[in-house]
There are 2 protein chains.
Amino acid sequence: MAVAETPTKKDLEFLRDLGQQLRVDSIRSSTAAGSGHPTSSMSAADLVAVLIGRHLLYDWSRPKEPNNDHLIYSKGHASPLCYAMFKAVGAISDDELLTFRKFGSRLQGHPTPALPWIDVATGSLGQGLPIGVGVALAGKNLDKLPFHVWVLCGDSEIAEGSIWEALDKAGKYGLTNLTPIVDVNRLGQRGETEYGWQTDVYAARVSAFGCNPVVINGHDVAEIDRALGAARGSRGRPTVILARTVKGKGFSEIEDRDGWHGKALPPDMAERAIKELGGERNLRVETMRPEPGEPYQLRRPSHPVHLPKYAKGEKVATRKAYGDALLALGAVASVVATDGEVSNSTHADEFAKAYPDRFFEMWIAEQQMVATAVGLAVRGYAPFASTFAAFFSRAYDFIRMAGVSEVSIKLAGSHAGVEIGQDGPSQMALEDLAAMRAVHTSTVLYPSDAVCAAALTETMVSLPGIAYMRTTRGAYPVLYDATERFPIGGSKVVKRSAGDQVALIGAGVTLHNCLEAAGVLAKEGVKARVIDLYSVKPIDTETLREASADTGGRLVVAEDHYPQGGLAAAVMEALAMEPQPPRVAHCAVRNLPTSGAPAELLAAEGIDAAHIAEAARRLLAGSKKKGG
Amino acid sequence: MAVAETPTKKDLEFLRDLGQQLRVDSIRSSTAAGSGHPTSSMSAADLVAVLIGRHLLYDWSRPKEPNNDHLIYSKGHASPLCYAMFKAVGAISDDELLTFRKFGSRLQGHPTPALPWIDVATGSLGQGLPIGVGVALAGKNLDKLPFHVWVLCGDSEIAEGSIWEALDKAGKYGLTNLTPIVDVNRLGQRGETEYGWQTDVYAARVSAFGCNPVVINGHDVAEIDRALGAARGSRGRPTVILARTVKGKGFSEIEDRDGWHGKALPPDMAERAIKELGGERNLRVETMRPEPGEPYQLRRPSHPVHLPKYAKGEKVATRKAYGDALLALGAVASVVATDGEVSNSTHADEFAKAYPDRFFEMWIAEQQMVATAVGLAVRGYAPFASTFAAFFSRAYDFIRMAGVSEVSIKLAGSHAGVEIGQDGPSQMALEDLAAMRAVHTSTVLYPSDAVCAAALTETMVSLPGIAYMRTTRGAYPVLYDATERFPIGGSKVVKRSAGDQVALIGAGVTLHNCLEAAGVLAKEGVKARVIDLYSVKPIDTETLREASADTGGRLVVAEDHYPQGGLAAAVMEALAMEPQPPRVAHCAVRNLPTSGAPAELLAAEGIDAAHIAEAARRLLAGSKKKGG
């Protein structure tokens with residue numbers, strides 16, 4: 001694609017008019033809605049006008065075209081501008097524009113992929129740019145296609161650390177196919193931003209982070225045009241456009257005035273504003289279309305996957321099985337991976353060594369790591385991201401938003417729970433099951449042995465939504481044959497007999513403790529069923545129901561997790577509407593753990609075999625008293 | 001306190017010896033433990049030797065002395081160095097040193113406040129420095145005491161965005177009483193860090209973020225001494241010391257070698273290392289003591305608190321009541337507040353206007369906002385931090401670690417759930433109850449009316465641990481008299497009669513829906529109890545138990561939250577071991593919400609009065625069939 005030629009006077013006139021139209025339409029839609037962010041749209045209208053008029057390569061009738069540019073509104077609250085743009089390019093009608101923020105409309109308060117031209121949901125600031133880095137990484141390193149990634153940022157969101165994680169990686173990976181455009185309109189939600197119009201502060205930071213800052217007047221269409229053209233042609237360092245703009249630009253009553261963030265203009269003001277802006281227009285932009293392109297994974301063959309094999313009884317850590325399986329899954333061309341500088345602990349390093357072109361080191365920047373995965377998923381890849389389970393909490397907002405985006409990413413959290421031992425509580429994920437279960441589209445997996453972990457890793461490749469697998473640090477005996485299947489939403493009854501009096505339910509390390517407890521109870525003449533709840537969400541309600549019915553409603557749930565919202569909660573939620581919900585004795589971590597040997601900590605926190613057996617005894621004694 | 005004079009040759013000799021002792025002791029403790037991070041300790045040993053030998057003002061016998069310096073190991077894995085330091089200053093014995101990482105020892109894998117000289121738990125990288133910013137803010141702006149805040153950082157953690165949020169705020173607030181010391185040892189956990197020894201990269205960034213970088217040789221004690229002395233005397237901009245060091249320094253077999261992160265030396269290697277380092281030593285450092293000082297809040301009087309008053313039936317948003325109450329609590333000298341540039345939505349702005357000296361704007365940097373609160377709590381303040389409930393997910397790892405630190409902070413999350421309406425799912429907290437309940441030390445509150453919200457805000461001031469209050473965007477009728485009390489762990493039975501057939505349980509907006517549903521049911525001749533579960537954690541098990549018993553185990557729980565881990569899970573966890581656990585019909589958000597009017601969304605997601613009434617009917621019908 002040739003860089004656009006110098007615009008004519010007429011071209012510039014058109015762009016100015018287009019900017020005014022975007023402003024007018026931003027006002028019209030938000031005033032019709034009675035809410036929204038017109039002023040934050042008006043500041044960036046000229047930037048978007050020049051972008052769609054002369055630089056964006058996009059086929060609006062084929063949003064899945066692999067070589068389309070990407071345009072991410074990191075400042076998602078500028079949705080009126082985004083939707084006005086959709087109208088200007090003919091993607092939506094003026095009628096639809098006026099459905100903004102109404103129930104049932106695709107034009108929501110902040111953009112979501114309910115619209116086919118939106119890659120990811122935005123609205124939690126500081127996320128669009130990190131995700132754009134992931135998209136650009138795919139474009140440069142995997143797809144090797146000339147599409148460009150444009151990200152419209154607000155100046156308020158520059159305060160988010162995630163923005164600096166993103167610019168750092170953009171610089172580090174030389175992502176010249178990425179152009180952040182910062183709408184420096186000086187005013188945030190509740191007053192002036194941290195640095196107002198001090199674009200020199202931003203420029204110095206951008207430069208120090210390995211990118212090339214270009215400061216422009218964001219309302220001079222010729223200057224914008226030159227900057228966007230140069231940005232697309234960047235060599236070496238990505239360009240970051242710092243556009244000095246005016247909030248509410250074009251309507252003198254509110255230009256650069258505090259107190260107008262996130263407020264629709266009342267109808268009378270809207271009328272005056274539209275008049276001042278030159279009235280309604282119906283300019284139509286014919287966006288340039290990209291050359292057709294094919295994404296990388298379609299150009300590369302996939303090979304059969306040979307999952308690792310483990311002998312029953314052999315001691316293997318599930319995190320190791322994850323690494324082994326990920327390596328095997330390298331045979332699938334769409335599988336890619338990223339990690340937060342702990343790949344030698346998560347075992348993602350085996351994939352990294354074998355497939356260095358499909359592995360992206362994010363160093364210790366978990367937010368960017370998850371954002372990279374999201375960006376890769378936007379490009380159709382199957383991204384696995386790994387770190388200690390505890391440290392996914394650093395990226396929880398990114399995971400939440402990935403759920404809102406309904407993209408498919410695969411998260412592997414290792415070193416869960418007190419089982420990690422000596423490293424102490426800062427490294428122990430003890431709230432991840434609760435947090436991850438509550439994420440929209442999430443699947444939560446927690447394998448107890450290596451065969452299950454490897455099989456689930458393979459299943460995750462094509463699993464829609466947020467797939468989270470929790471793995472264990474230590475090595476425990478392999479329980480299953482290599483041929484065993486582990487469907488999502490399933491479980492394994494690893495021990496059962498007629499007349500089971502109680503069911504012991506665990507996952508991960510506690511499943512092994514449950515098995516040991518069942519052995520102890522057997523010696524006392526108590527028959528205990530043991531269930532491996534490897535699929536925490538969705539959960540195997542049928543098997544739990546049967547266990548409850550068979551045992552007279554006596555369940556023990558043991559988990560290496562705080563008591564709230566984890567395995568036991570999942571079991572109770574599943575059986576909440578049974579005619580007779582079970583009694584659930586709950587072994588969980590109830591105090592702040594310390595350092596120690598894993599066995600010491602499992603005992604101290606009451607989740608080892610002895611405590612599980614004791615919980616079963618109490619349940620049986622209690623039930624007898626009550627005649628259950 | 002006078003700046004230390006130029007060290008004599010003998011002084012320097014002592015410091016070099018002290019550094020070697022810290023190395024030897026780091027090796028001894030970790031080898032005895034069989035795990036830990038000796039090499040990451042050895043790189044920073046000279047930095048710490050000079051700091052404790054000549055610059056730190058600290059009375060080890062009185063860790064609560066208000067004018068003690070603070071020393072935070074942001075690189076918490078350098079715990080062997082930290083504990084070797086404690087030995088060198090006489091705070092712990094050599095015997096205790098050798099209990100490192102053993103069960104029952106205070107010397108855990110990563111530092112925690114189990115030790116009286118540790119302010120906060122570290123080990124999740126990139127958190128110590130942001131917390132140090134909070135401590136320094138307290139020192140400069142509140143306590144107005146000359147204590148200095150030293151933070152030992154690793155180079156790997158510089159990749160965390162939170163570090164840049166912290167340096168930005170350090171520069172912005174001119175925190176010359178804060179000195180980050182970065183141990184640039186080039187090697188991370190799994191190989192070279194992102195920038196190795198390129199201290200010029202770090203220096204440019206530090207400078208651009210408003211701080212003054214000083215690059216030194218981190219093994220030259222004279223150079224370290226000059227840098228620390230100058231840093232303490234910084235004017236205008238805080239100094240950041242970038243110390244070029246060698247990982248494993250002092251033991252030639254492993255110096256600057258990859259593959260030695262987080263590994264204890266085997267005994268034979270340890271022996272050789274200790275020999276090379278000059279053998280065991282028992283040097284004792286007499287740390288300089290600070291002048292006694294009094295913290296600000298003890299120098300200022302507190303006044304009686306007059307909580308806002310609301311008339312029953314008046315429509316008031318709970319977020320507004322939070323703001324009103326926070327303003328009233330300004331009468332208490334220890335109450336301080338911070339917000340993430342949304343104070344006009346969270347209503348923290350009323351406090352900010354009235355008490356500008358006790359309000360800290362963090363702009364859109366939620367991680368730093370929570371870290372600031374933690375730092376203020378370390379200094380004895382009662383910090384309230386507010387943003388949209390959804391955006392606390394951005395700081396979840398910081399909240400988790402604040403739990404591990406067992407500090408007391410108060411978080412107010414506004415705009416929860418689909419009730420917010422038009423802004424759409426990116427702004428809707430729908431997983432916060434699950435995530436926050438699972439945090440160690442957390443209290444989770446969810447008031448339904450303004451009186452309750454104001455009362456709980458006051459209660460939060462002295463509540464230990466992480467106090468989280470979820471507030472609602474829209475205005476709903478005041479339900480309670482101004483004299484009503486709302487104890488933590490309590491609930492309110494807002495409607496009850498003899499012969500109640502079902503209990504409707506809600507909190508926040510759904511409590512109002514439950515009341516409306518009860519009215520609908522009453523017309524059908526169904527008696528429904530209604531319970532306001534304002535204290536989600538701890539929960540009022542007694543009242544729930546009674547409701548279950550009185551209604552034959554028929555509970556409807558309605559919540560503006562995803563189905564996992566929230567209100568219903570809390571209810572079931574509480575009643576899990578009842579002789580007959582209740583059946584729980586659950587109205588929760590089960591799809592990805594969109595934009596729309598609040599009432600439309602509550603209906604669409606099945607949590608409005610009509611759906612709650614219908615759930616009650618089904619429960620009654622089902623129970624009849626089953627004979628319950």
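To find a chain, count down the sequence lines: A is the first, B the second, and so on, and within it residues start at 1.
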Determine whether a donor-acceptor pair (N or O, by modelled atom type, separation under 3.5 Å) exists between the side chain of [X] and the backbone of [Y].
X: A:His110; Y: B:Pro425; answer: no
X: A:Gln427; Y: B:Gly123; answer: yes
X: A:Glu341; Y: B:Thr193; answer: no

With only heavy atoms counted, which part of [X] is less than 4.5 Å from chain B, the side chain, the backbone, both or neither?
X: A:Ala568; answer: neither
X: A:Ala114; answer: neither
X: A:Glu361; answer: side chain
X: A:Met401; answer: side chain
X: A:Ser207; answer: neither
X: A:His37; answer: side chain
X: A:Glu406; answer: side chain

So which heavy atom on A:Arg437 is nearest to which on B:Gly565, and how close? NH2-N, 3.5 Å
For a quick test of reading the model, state the closest non-hydrogen atom pair linking B:Ala208 to A:Ala208 and the distance between them. CB-CB, 4.2 Å
A:His440 and B:Tyr562 aromatic ring geometry - parallel, tilted or perpendicular at 30°/60° bounds: parallel
Working for side chain to side chain contact (heavy atoms under 4.5 Å, CB included), residues B:Met572 and A:Glu573: CA-CA 8 Å; B:Met572 290 188 277; A:Glu573 289 166 9; 3.8 Å; yes
With side chain to side chain contact (heavy atoms under 4.5 Å, CB included) as the test, would you mind laying out the steps for A:Asp423 and B:Arg101 before giving the verdict? CA-CA 7 Å; A:Asp423 270 333; B:Arg101 285 177 166 250; 2.6 Å; yes
Relative to chain A, which segment of [X] carries a heavy atom at a distance below 4.5 Å: side chain, backbone, both, or neither?
X: B:Ser35; result: side chain
X: B:Ala390; result: both
X: B:Glu578; result: backbone
X: B:Met436; result: neither
X: B:Asn591; result: backbone

For the candidates [options], which exhibits the highest count of non-hydrogen atom pairs separated by less than 4.5 Å from chain A?
options: B:Gly188, B:Ala121, B:Gly421; answer: B:Gly188
options: B:Ala438, B:Ala604, B:Gly109; answer: B:Ala438
options: B:Ala365, B:Gly161, B:Ser156, B:Ser393; answer: B:Ser393
options: B:Ala435, B:Pro581, B:Gly596; answer: B:Pro581

Determine, step by step, whether A:Glu366 and B:Asp397 satisfy the side chain to side chain contact (heavy atoms under 4.5 Å, CB included) criterion, reporting the C-alpha distance in whole Å, the side-chain angles of both residues, the deciding distance to 0.1 Å, and the verdict. CA-CA 11 Å; A:Glu366 293 82 3; B:Asp397 194 19; over 6 Å; no
Pair B:Ser426-A:Arg400, side-chain donor/acceptor within less than 3.5 Å: no
Please tell me whether B:Gln367 and A:Arg394 have a donor and an acceptor in their side chains that are separated by less than 3.5 angstrom.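 Checked: B:Gln367/A:Arg394 side chains pair up, N/O donor to acceptor below 3.5 Å.
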For a 4.5 angstrom cut-off between non-hydrogen side-chain atoms, does A:Val584 reach B:Met577?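 The answer is no; the side chains never approach within 4.5 Å.
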Quick one: are B:Ser595 and A:Phe103 in side-chain contact, heavy atoms under 4.5 Å? no
Which of the residues [options] is involved in the greatest number of heavy-atom pairs with chain B at under 4.5 angstrom?
options: A:Asp168, A:Leu601, A:Thr122, A:Leu107; result: A:Asp168
options: A:Glu160, A:Glu165, A:Gln422, A:Gln127; result: A:Glu160
options: A:Pro582, A:Gly104, A:Gly34; result: A:Pro582
options: A:Phe209, A:Trp164, A:Phe391; result: A:Phe209
options: A:Lys537, A:Lys169, A:Arg205; result: A:Arg205
options: A:Glu431, A:Gln108, A:Arg190; result: A:Arg190

Between CG on residue A:Asp339 and CD on residue B:Gln189, distance to nearest 0.5 Å: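 Output value for this atom pair is 8.5 Å.
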Once you round to the nearest 0.5 Å, how far does OG1 of B:Thr441 lie from CG of A:Leu592? 9.0 Å
Is any side-chain N of the basic residue among B:Glu600 and A:Lys102 closer than 4.0 Å to the acidic one's carboxylate O? no
Compute the ring centroids of A:Tyr396 and B:Phe392, then answer whether they are less than 6.0 Å apart. no
